[in-house]
Amino acid sequence: GIRFHPLHVHVNPYQITSIFNDPYYLVGDWHDTFFSTGIGFATIRLNIDTFTGMMITHCHNLEHEDNGMMGWFKIIGKEGTKWAGAKTYDPTCYDEAFPGAVAP
């Protein structure tokens, strides 16, 4: 479970799509760090359309992180590409919510 482990995801935010018995987090919230306050589970989805490469995730309890509670995702594809089926799969999909950094 995720209890007592503040989960932090670098680069891309994630949205809570379902959650059980939490007084703080709500379905629909966007975060980069999630700390459960007594829940048993949560389901999230990542917005990964503007970044490809290695994305790190780790426990924000630094003693846990230092002892190996971390991992990575390898995101492949072309940056900025959007999955054409996203709105069909989930009509609430945010396909324009995070436009990325402004060009200098």
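- In this structure Asp29 satisfies the side-chain contact (heavy atoms from CB on, under 4.5 Å) test together with Ile16, Tyr25, Leu26, His31, sequence neighbours excluded.
- Side-chain contact between Val9 and Thr57: present, with at least one pair of heavy atoms (C-beta onward) separated by less than 4.5 Å.
- Tyr24 and Tyr14 end up in the same hydrophobic cluster when Ile, Leu, Val, Met, Phe, Trp and Tyr side chains are linked at under 4.5 Å.
- Taken from NE2 in His10 to CD1 in Ile56, the straight-line distance is 7.0 Å, to the nearest 0.5 Å.
- Counting only heavy atoms from C-beta outward, the side chains of Ile19 and Phe34 approach each other to under 4.5 Å.
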Which pairs of donor and acceptor atoms, one on a side chain in residues 67-74, lie under 3.5 Å apart (sequence neighbours left out)?
residue	atom	partner	partner atom	Å
Asn67	ND2	Glu63	O	2.8

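- Side chain of Thr17 to backbone of Arg45: no donor-acceptor contact under 3.5 angstrom is found.
- The side chain to side chain donor-acceptor pair (under 3.5 Å) test applied to Glu79 returns Thr52, not counting sequence neighbours.
- When all heavy atoms are compared, the tightest approach of Thr33 to Pro6 is CG2-CB, 4.4 Å.
- Side-chain contact check for His64 and His58: no donor-acceptor pair (N or O, by modelled atom type) lies under 3.5 Å.
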